[in-house]
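Let me begin by presenting the structure, written as C-alpha cells, before commenting on it.
By convention in this document, chain letters (A, B, ...) are assigned in the order of the sequence lines, proteins followed by strands, and residues within each chain are numbered from 1. This is a predicted model, so every value here is computed, not measured.
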Protein chains: 2
Amino acid sequence: MSRPTVNDIAREAGVSLATVDRVMNARPGVREKTARRVNEAIERLGYVRDVAAANLARRRAYRLAFVLPDSRTAFMTALRTAIEHAAAVAAHDRTRAEILTVPAFDSTAYARLLDGLPQEGFDGVALMAPETPQVRDAIRRLGEAGLAVVAFVSDQPQAARDRFVGIDNIAAGRTAGMLLGRFVRRADAIVLVVAGSMMSRDHMERRLGFDRVVLERFPGFRVLPSLEGRDDSESLARLLSAALDAQPRIDAVYSLGAGQRGLIETLRRRDPQRRLTVVAHELTPATRGALEDGTIDAVITQDVGHMARSALRVLRAKIDAMPIDPGQEQIRIEILLRENLPPPG
Amino acid sequence: MSRPTVNDIAREAGVSLATVDRVMNARPGVREKTARRVNEAIERLGYVRDVAAANLARRRAYRLAFVLPDSRTAFMTALRTAIEHAAAVAAHDRTRAEILTVPAFDSTAYARLLDGLPQEGFDGVALMAPETPQVRDAIRRLGEAGLAVVAFVSDQPQAARDRFVGIDNIAAGRTAGMLLGRFVRRADAIVLVVAGSMMSRDHMERRLGFDRVVLERFPGFRVLPSLEGRDDSESLARLLSAALDAQPRIDAVYSLGAGQRGLIETLRRRDPQRRLTVVAHELTPATRGALEDGTIDAVITQDVGHMARSALRVLRAKIDAMPIDPGQEQIRIEILLRENLPPPG
DNA sequence: CTCGAAATGAGGGGCGTACCTCAGAAAATC
DNA sequence: GATTTTCTGAGGTACGCCCCTCATTTCGAG
C-alpha cells in the first residue's frame with residue numbers, strides 16, 4: 001500500500017474531498033470541529049501532501065532573484081557561474097532564478113532595486129549587499145511584501161532576512177590564523193596581511209578573527225599593518241613587492257581575498273624557494289595553481305556551488321513555509337591543501 | 001511563455017501526441033524519419049520533460065537499498081543516522097530507501113543478499129562492502145538485472161558500479177600526513193599510527209597516503225609500527241598506553257579511524273599538557289569533544305549527510321538515465337580544526 | 001495495383017492535487 | 001419556527017505526462 005492521498009483522508013475523516021481541500025489550503029468556511037476531524041485523519045494516516053502533484057496542479061513557479069554587487073573579482077565570477085549553473089538545473093524544477101547586478105557599494109541603488117522586486121513578480125531574493133540602514137529597511141519592506149529573503153555570502157544580522165547562506169567570516173579568519181600560526185616554524189614570526197579592500201564586512205571579519213587567534217595563540221607574532229590592493233591584482237603586486245623590500249624578514253602572508261592573482265605572481269617571483277608560509281582565501285584558478293605548485297600552503301574557501309544551491313533550496317522552503325535541513329544548508333569553512341584539492345570544474 | 005509541453009512538441013513536429021509519446025518513451029512502431037522530426041522539434045523548442053509530472057503519471061517509486069556492514073563504530077552509527085534522515089526526506093519524493101545489514105567481512109553473505117535484491121523489487125543499491133571477487137560478481141549481476149549500483153564509502157574500482165560516492169582515502173591519508181607533518185615542530189619527530197583494523201581498504205589506503213607524504217615531505221620522521229585496536233576502544237586504550245610507555249618521546253599520533261574514544265581518553269590522561277600533535281579521522285561526538293578541548297589538533301572527515309544525500313541523488317539519476325552534477329556529488333575531504341568546527345547536530 | 005503490415009492519429013482514463021461553482025444541509029439568529 | 005447565515009458535498013476542469021485501444025492512413029513487397 002502506497003502513500004495515502006486526499007481521497008483517503010476524506011474517507012477517513014468522513015467528509016468530502018472539498019472539505020479536505022478547504023482545510024489543507026486554509027480556505028474559509030470550515031467549522032473548527034470539522035477541521036479538527038480532518039487534521040486528525042491526516043495525523044492518523046500519516047498523510048503528506050505530494051508536493052510534485054500539488055505544484056503541478058498549482059502551476060506554481062518560483063521566481064527568484066540573486067542580487068549581487070557588480071564587482072568582478074575571481075570569487076565573484078566563480079559565484080556567478082555557480083549561480084547560473086544552479087539556476088539552469090533548478091529550471092527543471094519550476095524555479096526561475098535571475099542574477100541582478102548593482103553598483104558595489106551603492107546602498108541607494110540596492111534599495112531602489114529591491115523595492116521594485118515585488119511588483120516584478122519575484123517570490124524570493126538572495127541578497128549580497130553592504131550592511132546599511134537603507135538596505136536593512138529595503139529588506140524589511142521585502143518581507144512585508146511577502147517575499148522570502150536570504151542574506152547571501154555577506155550576512156545582514158540586523159535585518160529581517162529569513163536566513164543567512166554563507167560562512168562565519170570571523171571563524172574563517174580564526175581558521176586561517178590557526179593554520180598559518182601552526183604552519184610557521186618560529187614563534188616570533190612576522191606576518192603580512194593582504195586585503196582586497198577593508199570596506200567589505202567579510203574582509204573585516206576575517207581580519208578580526210585572524211587577529212584574535214594570533215593574539216591568543218601566537219603572542220610572539222608580529223602582524224604588520226595590512227596592505228590594501230583595492231581588489232586589483234596590479235596595485236596589489238606593487239604594494240606587496242614594496243612591503244617585501246621594506247621588511248625582508250617576513251615569514252608569512254595572510255591574504256584575505258581578492259587580488260590573489262597579483263599576490264601569487266609576486267610571490268612566485270620573489271620567493272621561489274617558498275620560504276614564506278602563505279594562507280589565502282577563496283579557491284580560484286589562481287589559488288588552485290598556487291596551491292598545486294606550493295606557492296600557497298593553504299586556502300580557506302567556501303563552496304560557491306553549494307551556496308548557490310543552498311540559497312535556492314532555502315528560498316523555496318521559505319516560500320512554501322516548509323522546514324529546511326540545517327545539516328544540508330550549513331556552508332562549511334573549507335580548508336584546502338594541495339593534498340585535498342577537489343578536481344577542477 | 002512557460003516551458004514547452006508534449007503538446008507543443010506534437011504541434012511543432014506536425015505529428016500527433018501519441019507519436020511524440022512513442023518517441024519519448026522508446027515505444028515501438030515509429031519510423032526513423034518521424035522519430036527524427038520529433039527529436040528535432042524537441043531540440044528546437046528546448047523541451048525538457050517535466051520529471052515530476054512524468055513520475056506522477058507513472059506512479060513511479062524508487063526503491064533503493066543501502067547495504068552496510070554490521071559494524072557499530074561511531075562512524076557507522078553516524079552514517080546510519082544520516083542515511084535514515086536522508087531517506088525520511090526522500091520519502092516525500094517517491095523514494096523509499098532501506099538499510100540492509102550484512103556481517104562485516106562476509107563476502108558470501110554480501111553476494112547472497114545482493115543477488116536477492118532484483119526479485120525484491122529494488123531499483124538501486126548503495127553498497128559498502130569489502131572488495132572481493134564474490135562481491136564484484138554480485139555487482140555485475142545487479143547491473144545486468146538493470147539495477148543502478150553505487151559503491152558507497154568504500155570503492156569497488158574493479159567492479160561494474162555506476163559510480164563511487166565517497167572520498168579518495170589515499171588523498172585523505174596524504175592530507176592527514178601533511179597536516180600532521182606541518183603541525184609538529186621538530187624535523188625528527190616520532191609518529192605513532194593507530195588503526196582500527198587494517199582489514200579495511202579505507203584504512204589501508206589512508207595509511208598508504210600518509211606514509212607516502214611523510215616519506216616525500218618529512219623524511220626525518222620516524223613512523224612506528226601501527227597499533228591495531230580492532231575497532232574497539234578498550235583494547236586500543238591499552239595498546240596506546242603501552243606504546244606511550246615503551247617510547248616516551250613520541251611527538252605525534254595519527255589515528256586512521258575507529259576506536260577513537262579509547263584513544264582520546266588515554267590521551268587526555270597521558271598527555272594533559274597536549275604536547276602531542278594528534279590528527280584523527282571522522283567527526284564523531286568523541287573527536288568533536290577532543291577537538292574542542294585541544295586533545296586532537298585536526299580531524300579529517302567526510303560529511304556523512306552529504307554522502308547519504310549524494311548516494312540517493314546519484315542512484316535516482318542513474319535509474320532515470322539522467323546526468324548528474326559532478327560538483328554537487330563530489331564528496332570533500334574535510335579538514336576540521338577547532339576553529340572551523342560546524343555546529344553540532 | 002493489391003494486399004498486408006507497419007506507422008500514425010484520435011481519444012480516453014489515470015496519477016494526486018488545486019481551485020472553482022452550485023446546490024443542499026446544518027447551524028445560528030431572532 | 002422561520003429565516004438567514006454558515007458549512008458541506010458533489011462534481012467538474014486543469015496541470016503535464018503515461019499508457020492503452022482502436023480506427024485509419026501510409027508504405028513496401030509481391
Nearest-nucleotide check on DNA chain D, B/Val48 vs A/Val20; residue mapping nearer the 5' end is A/Val20

[atom1] of [X] versus [atom2] of [N]: gap in Å, rounded?
| X | N | atom1 | atom2 | value |
| --- | --- | --- | --- | --- |
| A/Met24 | C/dC19 | CE | C1' | 13 Å |
| B/Arg59 | D/dG16 | CZ | C1' | 16 Å |
| B/Arg94 | D/dC17 | CZ | C1' | 12 Å |
| B/His92 | C/dT17 | NE2 | P | 13 Å |
| B/Leu17 | C/dG13 | CG | P | 16 Å |
| A/Asn7 | D/dA10 | CG | P | 12 Å |
| A/Arg37 | D/dT8 | CZ | C1' | 11 Å |
| B/Arg60 | C/dG16 | CZ | P | 15 Å |

Worksheet item: For A/Val51, which contact category applies under a 4.0 Å heavy-atom criterion: base, sugar-phosphate, or nothing?
Response: nothing

message = Counting the atoms with a prime plus P, OP1 and OP2 as sugar-phosphate, which does A/Asn25 contact under 4.0 Å by heavy atoms, base, sugar-phosphate, or nothing?
response = sugar-phosphate

For [N], does either OP1 or OP2 sit under 4.0 Å from a side-chain N or O belonging to [X]?
| X | N | answer |
| --- | --- | --- |
| A/Ser16 | D/dG9 | yes |
| B/Arg3 | D/dG16 | no |
| B/Arg49 | D/dC18 | yes |
| A/Thr19 | D/dT8 | no |
| B/Arg27 | D/dC19 | yes |

Check every atom of [options] against the side chain of [X] and return the nucleotide holding the closest atom.
| X | options | answer |
| --- | --- | --- |
| B/Ala57 | C/dT17, D/dT8, C/dC15 | C/dC15 |
| A/Arg58 | C/dA18, C/dG16, D/dG9 | C/dA18 |
| B/Asp21 | D/dA14, D/dC17, D/dC19 | D/dC19 |
| B/Leu56 | D/dG9, C/dC15, D/dC15 | C/dC15 |
| A/Ala18 | C/dG11, D/dG9, D/dC18 | D/dG9 |

Q.
Side chains of B/Arg44 and B/Asn39: any donor to acceptor distance under 3.5 Å?
A. no

### Task
Examine the side chains of B/Thr108 and B/Gln134 and answer whether a donor and an acceptor come within less than 3.5 Å of each other.
yes

Review point. Below 4.0 angstrom, N of the basic side chain to O of the carboxylate: do A/Arg141 and A/Asp115 qualify?
Key: yes

Lys/Arg-Asp/Glu bridge criterion (N-O < 4.0 Å) met for A/Asp155, A/Arg161
yes

Paired with A/Glu329, the salt bridge (charged side-chain N to carboxylate O under 4.0 Å, His left out) test is passed by just one of A/Arg309, A/Arg163, A/Arg313, namely A/Arg313

Could you tell me whether B/Arg60 sits above the aromatic face of B/Tyr62, with NZ or CZ closer than 6.0 angstrom to the six-membered ring centre and within 45 degrees of the axis? yes

Nearest-nucleotide check on DNA chain C, A/Tyr47 vs A/Arg31; residue mapping nearer the 5' end is A/Tyr47

